[in-house]
2 protein chains.
Amino acid sequence: MQVQQPSMADRTPIGGAAPGWRAPTATAQVPPRRAPAQEGSLDLLEQFGTRKVVRRGHEFYAAGDPARFCYRIVSGCVRTVGLDEDGRRQIAEFLLPGDLFGFDSLDVHHLSAEALTDTVVVCYPRCAVDALAEQHGGLARRLRDLIRRNLRRAHEKMFLLGRKSAGERVAAFLLEMAERTAPGGAGATCVALPMTRADMADHLGLTIETVSRTMAQLCRDGAIASGKAGTIVIRDREALESFGANTRH
Amino acid sequence: MQVQQPSMADRTPIGGAAPGWRAPTATAQVPPRRAPAQEGSLDLLEQFGTRKVVRRGHEFYAAGDPARFCYRIVSGCVRTVGLDEDGRRQIAEFLLPGDLFGFDSLDVHHLSAEALTDTVVVCYPRCAVDALAEQHGGLARRLRDLIRRNLRRAHEKMFLLGRKSAGERVAAFLLEMAERTAPGGAGATCVALPMTRADMADHLGLTIETVSRTMAQLCRDGAIASGKAGTIVIRDREALESFGANTRH
DNA sequence: CGGCGCGTTGACGCTGATCAAGTTATGTGG
DNA sequence: CCACATAACTTGATCAGCGTCAACGCGCCG
């Protein structure tokens with residue numbers, strides 16, 4: 001396991017005036033996105049946020065680290081990773097601009113969080129989060145609901161991993177990424193996939209080869225097309241939605 | 001999907017006298033258990049709790065129901081179930097005496113909860129939970145941590161489903177059940193398995209046959225022995241812990 | 001140029017699903 | 001209490017989805 005602790009020196013107070021964290025760097029292919037309404041209203045926290053940049057491949061925290069900070073992604077992409085002693089890896093989620101992470105750990109992180117691309121985050125001290133939540137029932141409620149939503153997504157992923165075929169998993173993943181980057185998009189949607197095939201495989205409980213083959217199949221079927229530099233285009237959403245359902249009969 | 005709503009008539013205030021619910025039927029092998037320390041201290045809630053009995057095979061709530069109540073199990077055993085349109089099923093967790101459930105749903109339950117055996121619960125109105133949490137930061141914090149623990153367990157299960165062999169899944173499940181019913185137990189431990197093979201299969205992402213075969217193998221290896229009426233005995237914990245690790249090399 | 005990371009494609013085999021009996025529990029009505 | 005029906009479990013034979021191993025192409029960078 002890599003244990004590169006990125007320098008803390010680039011953390012700067014956000015204190016006063018205009019939010020300076022509005023995506024100055026354009027490193028990531030993933031465009032900055034407004035936080036969705038249900039997660040956006042943790043405004044009370046903003047005054048405690050500090051900006052931080054983590055370079056591609058580096059960790060925000062490792063499994064086992066004390067949970068001292070929570071994060072909101074401004075730009076870039078992050079994965080949360082579980083590793084076991086044999087080197088087997090499970091990626092719990094990919095996080096995109098607007099997403100929050102680190103809020104659902106107990107005192108100690110049980111997964112590590114790693115930057116897939118150069119990533120800009122706002123970073124909230126855990127003690128500030130807890131203190132604010134102690135005083136403001138509304139914030140506590142929103143935090144609770146945030147973790148609840150994560151739990152619901154985890155349950156959906158358990159279903160995916162336990163009960164769906166390789167084709168269904170890949171198709172569902174692509175649709176999920178599409179929905180997250182362009183909510184409600186209907187026609188041909190361009191989806192950025194900033195992660196490697198290995199990342200997708202470790203997220204979907206498959207191997208690199210199976211992911212690759214499945215996507216090739218989807219291309220042949222005309223459901224998707226491969227765009228430039230880690231993007232795909234969804235051409236036929238319905239084909240994607242029903243893909244692999246026939247595999248398990 | 002079965003939509004039997006058990007009668008609400010058998011709900012009675014908890015205040016009263018001797019618990020007449022001490023397992024009249026011998027279906028439930030799971031003995032009552034004290035709530036573990038970290039979950040037990042939701043004491044503020046107790047005054048709002050009402051007792052309720054749900055018979056084996058009946059639902060506490062269905063997926064899609066508004067989340068009006070949360071529950072603590074007094075005796076019995078519960079499963080939380082996700083179902084899809086094809087009839088594929090995923091059991092997120094099995095819940096034992098002392099366990100809490102229903103706390104991690106948003107406004108609407110996304111899984112259904114069904115009694116595996118005749119089950120006695122204490123039932124807390126969601127509005128009371130929320131109102132109390134609004135006023136008592138400490139309670140809110142404990143609720144948050146409760147949901148966080150559930151999320152961590154969900155992540156561990158994602159790892160199990162995505163990355164472990166059939167043997168490892170079954171072995172891990174038996175060890176988990178052992179740990180939950182007899183924490184820290186060292187020697188030969190007797191473990192109640194109040195669920196069917198189909199339940200185990202739908203929890204572990206396997207088929208009935210594979211579960212059955214794997215347990216037969218474990219018996220042959222002397223790691224476990226089958227006891228009476230849905231119980232097994234763990235004879236060799238280390239053999240169990242390393243079982244199936246060789247299968248995937 | 002050559003090494004390296006990443007992705008693709010093919011051949012083959014194994015784990016676990018599927019199909020099919022058959023046996024043992026569980027429950028029900030006589 | 002037994003007879004019967006049904007659910008739950010076990011075991012075997014066969015199959016296929018996906019993993020494994022291997023080779024190769026491509027873009028990037030020193």
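Below, chain A is the first sequence line, B the second, and so on; all start at residue 1.
- Distance CZ (A:R56) to C1' (D:dC28): 11 Å, rounded to an integer number of Å.
- Between B:Y61 and B:F101, the ring planes lie tilted relative to each other; the angle falls in the 30° to 60° range.
- When each of D:dC18, C:dA17, D:dT11 is scored by its nearest atom to the side-chain atoms of A:A166, the top-ranked nucleotide is D:dC18.
- Side chain of A:E209, nearest nucleotide from D:dC21, C:dT18, D:dA8: D:dC21.
- Taking all atoms of both residues into account, the shortest heavy-atom contact from B:L160 to B:A172 is CD1-CB, 3.7 Å.
- Donor-acceptor pairing under 3.5 Å, judged by distance alone, is absent between the side chain of B:R197 and the base of C:dT24.
- Taking atom CZ of residue B:R88 and atom P of nucleotide C:dA17, one finds them 13 Å apart after rounding to whole Å.
- Electrostatic pairing of B:D118 and B:R55 counts as a salt bridge here, judged by a charged N lying under 4.0 Å from a carboxylate O.
- Within the 4.0 angstrom heavy-atom criterion, only backbone atoms of the sugar-phosphate kind lie near A:G205; the bases stay farther away.
- With respect to A:E176 and A:R180, a salt bridge is recorded, a charged nitrogen being found less than 4.0 Å from a carboxylate O.
- The side chain of A:L206 sits closest to D:dG19 out of D:dT10, D:dG19, D:dA8.
- Rounded to an integer number of Å, the gap from B:M200 CE to D:dC9 P is 9 Å.
- Both B:R213 and B:M195 lie near DNA chain D, and the one whose nearest nucleotide falls closer to the 5' end is B:M195.
- Picking from D:dG19, C:dG16, D:dT10 the nucleotide with the shortest atom distance to the side chain of B:S165 gives C:dG16.
- In this structure, A:L204 atom CG and D:dC18 atom C1' are separated by 14 Å, rounded to whole Å.
- Rounded to a whole Å, the CE atom of B:M215 is 10 Å from the P atom of D:dC9.
- Taking atom CD1 on B:I208 and atom P on C:dG16, their separation rounds to 17 Å, with Å as the unit.
- Following rounding to the nearest Å, A:K228 (NZ) and C:dC6 (P) show an atom-to-atom distance of 20 Å.
- The distance between atom CG of B:L193 and atom C1' of D:dA8, rounded to the nearest whole Å, is 14 Å.
- Checking the phosphate oxygens (OP1, OP2) of D:dG19, a side-chain nitrogen or oxygen of A:T210 falls inside 4.0 Å.
- Minimum atom distance to the side chain of B:T207 is reached by C:dA17, of the listed C:dA17, D:dC9, D:dG12.
- Side chain of B:E179 to main chain of B:G184: a donor-acceptor pair is present (N/O by atom type, distance under 3.5 Å, no hydrogens or angles).
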